[in-house]
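Worksheet: one structure, shown below.
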Amino acid sequence: MGNKEEKRIRGIRIRTVNYAMVLAACILYLLIIYATAQVWMRYEALVSAAEDYFVCEERASHVREGSDYLTSQVRLYAVTMDPKYVEEYFTELHTTRRRENALESLVEENISQEAYNILYTALEHSNRLMEREIYAMKLISTAKGYDMADFPEEIQSIELMAEDAALIPEKMIEKAEDMLFGPEYGAEKDLIRGQISEFLAYTVETTRQNQIKSFSHLSAIILRQRVYISILFILNIITFIMVIQLIIRPLHVYIRCIKEDKRLEITGSYEFRYLALTYNDIYEINAANEAMLRRRADYDPLTGVINRGAFEQLHKALRKRAISVALMIVDVDKFKEVNDKYGHVTGDKVLQKVAGILKRNFRPQDFVARIGGDEFAVIMTDIALEQETVIQEKVEKMNEELKAPQDGLPAVSLSVGAALSESGFSDDLYRKADSALYRVKENGRCGCAIFDERIDVIRG
């Protein structure tokens with residue numbers, strides 16, 4: 001468009017109006033996005049507070065369960081005198097370690113130090129109670145006369161006090177039972193449970209305070225978000241009105257002109273007036289692009305040869321012409337093994353190489369097509385039917401090149417079935433070429449067979 005024409009265009013620039021509206025909308029969107037991010041952060045804080053509580057409750061449960069399990073096993077030992085309960089006791093103590101694991105995981109969860117200290121105190125009380133339990137097990141084991149070598153090191157290393165060592169077995173067992181079932185033991189257990197309850201109460205209060213704080217911030221953020229959305233709604237209404245005035249009405253005029261197959265009227269905003277002046281040029285460019293796309297649609301994007309659709313159209317056209325035609329169906333032998341062993345990238349390069357060799361070895365007026373994954377076809381026109389030897393020589397030459405590659409690609413070979421016709425592309429030409437190809441594959445691949453329709457046999 002020349003400068004003189006451009007200067008003659010008058011009208012409101014939609015671009016200028018659009019920039020202003022977009023800028024205002026972007027500012028509002030950024031504010032809304034920021035508010036949304038704040039809402040999300042507060043929501044995550046609420047979720048995190050709840051999760052922290054559940055984690056703390058679970059860890060407290062593990063400490064309580066671990067402590068109660070130790071108590072149950074040592075009491076079962078006192079009642080049954082069965083050493084298997086000693087084994088279960090120390091399995092919990094050294095392997096399962098519910099109490100210790102619960103405390104260690106709390107450190108990773110990054111809870112407050114005060115909450116951790118409360119639960120840690122409960123663990124210390126449990127450990128002190130454990131000393132009492134191990135001593136009681138020592139008394140029972142000694143009274144029963146068990147071999148101490150069969151017991152854990154913790155029991156073996158316990159030295160009974162002199163007055164306890166002097167007791168008769170029945171008294172030793174009575175003392176052990178008193179240590180495990182007496183009021184002092186119960187008081188220690190109550191102390192542990194109290195510490196765990198205090199830990200949970202502290203966690204509940206901390207969670208409640210965090211949630212109150214998050215809810216307060218969340219309410220303020222949501223209020224701001226509503227204001228931003230209301231402003232954005234008003235801005236959208238203004239934009240809608242401007243679109244009708246500056247775009248929709250001119251478009252109706254242009255649609256009418258196009259339906260009536262007339263040139264576009266110079267009307268509307270600056271951009272629409274400019275569009276009307278350049279309409280014919282754009283139409284011509286689009287027509288050229290469509291022609292180029294139609295041409296591309298006939299070619300295989302990987303190999304550059306014509307695709308199956310173009311091949312079908314070609315042999316339909318050749319049916320109407322009474323000329324001599326040769327059809328070759330070319331199959332890349334064991335191509336699936338190449339893909340499986342070297343990958344699809346290498347497989348694609350092999351296909352490109354095969355397509356290039358086919359185009360090099362046949363005439364420019366011949367047609368090379370890719371009709372399947374690893375299957376090609378070649379159509380030769382205006383040929384002498386005595387050229388079977390030439391076709392076989394070409395196939396041998398191509399196979400020699402493919403079986404001794406110099407480009408780092410894996411060696412492959414071609415199986416080729418050919419058929420010739422004196423009267424164009426006959427209906428059964430493809431079938432005959434395919435039959436010849438089947439014969440090559442039956443005989444070990446890597447070769448060429450030609451269907452001689454004059455005597456209805458396959459040679460090669």
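Bear in mind that the values here come from a model prediction, so they are computed numbers and not experimental data. The basis for the numbers below is simple: all heavy atoms, side chains too, and nothing from hydrogens, waters or symmetry mates.
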Might you point out which heavy atoms bring [X] and [Y] nearest each other, and give the distance in Å?
{"X": "G447", "Y": "V440", "answer": "O-CG1, 3.6 Å"}
{"X": "L264", "Y": "C257", "answer": "CD2-CB, 3.9 Å"}
{"X": "I196", "Y": "A122", "answer": "CG1-CB, 4.1 Å"}
{"X": "P405", "Y": "L409", "answer": "CG-O, 3.2 Å"}
{"X": "G347", "Y": "V338", "answer": "CA-CG1, 4.4 Å"}

Within [range] or reaching into it, pairs that qualify as salt bridge (Lys or Arg N to Asp or Glu O under 4.0 Å) - sequence neighbours excluded:
{"range": "residues 370-383", "value": "D300-R370"}
{"range": "residues 215-237", "value": "none"}
{"range": "residues 344-359", "value": "K353-D407"}

To the nearest 0.5 angstrom, please state how far the CE atom of M398 sits from the CZ atom of F362.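 Answer for the CE-CZ pair, M398 versus F362, is 4.5 Å.
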Supply the atom-to-atom distance T303 OG1 to N307 CG, rounded to the nearest 0.5 angstrom.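 Between atom OG1 of T303 and atom CG of N307 there are 9.0 Å.
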Among all residues two or more places apart in sequence or in another chain, which pass the salt bridge (Lys or Arg N to Asp or Glu O under 4.0 Å) test with [X]?
{"X": "E100", "value": "none"}
{"X": "E312", "value": "R308"}
{"X": "K213", "value": "none"}
{"X": "D434", "value": "none"}

Say whether, by atom type as modelled, one donor and one acceptor occur between the side chain of [X] and the main chain of [Y] under 3.5 angstrom.
{"X": "Q352", "Y": "L302", "answer": "yes"}
{"X": "D428", "Y": "R431", "answer": "no"}
{"X": "S157", "Y": "E153", "answer": "yes"}
{"X": "T203", "Y": "F199", "answer": "yes"}

Assess, by modelled atom type and distance only, whether the side chains of [X] and [Y] contain a donor and an acceptor separated by less than 3.5 Å.
{"X": "R99", "Y": "S126", "result": "yes"}
{"X": "E133", "Y": "Y89", "result": "yes"}
{"X": "Q365", "Y": "T381", "result": "no"}
{"X": "R59", "Y": "S105", "result": "yes"}
{"X": "S415", "Y": "D333", "result": "yes"}

Taking the side chain as everything from C-beta on, heavy atoms only, tell me whether F451 gets closer than 4.5 Å to L420.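 The answer is no; the side chains never approach within 4.5 Å.
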Could you tell me if the side chain of V325 sits less than 4.5 Å from the side chain of M380, heavy atoms only?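 In short, these two side chains do not touch, never coming nearer than 4.5 Å.
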With sequence neighbours left out, write down each residue that passes ring pair (Phe, Tyr, Trp, His ring centres under 6.0 Å) with Y228, or none if nothing qualifies.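 Residues passing ring pair (Phe, Tyr, Trp, His ring centres under 6.0 Å) with Y228: none at all.
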Pairwise ring-ring contact (aromatic ring centres under 6.0 Å, His included) hits with a residue in residues 312-336, at least two apart: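 Sorted result for residues 312-336: F311-H315, H315-F425.
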Set of side-chain contact (heavy atoms from CB on, under 4.5 Å) partners for E205, sequence neighbours left out: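 Listed in chain order: R208, Q209.
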Residues which pass side-chain contact (heavy atoms from CB on, under 4.5 Å) with E92, listed by chain and number, not counting sequence neighbours: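 Residues passing side-chain contact (heavy atoms from CB on, under 4.5 Å) with E92: Y69, L70, T96, R98.
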Mind checking what makes side chain to side chain donor-acceptor pair (under 3.5 Å) contact with N101, not counting sequence neighbours?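 In terms of side chain to side chain donor-acceptor pair (under 3.5 Å), with neighbours along the sequence ignored, N101 is linked to R97.
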Counting only heavy atoms from other residues, nucleotides and ligands, does the tally under 6.0 Å from OH of Y430 exceed 12?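 Yes, enclosed.
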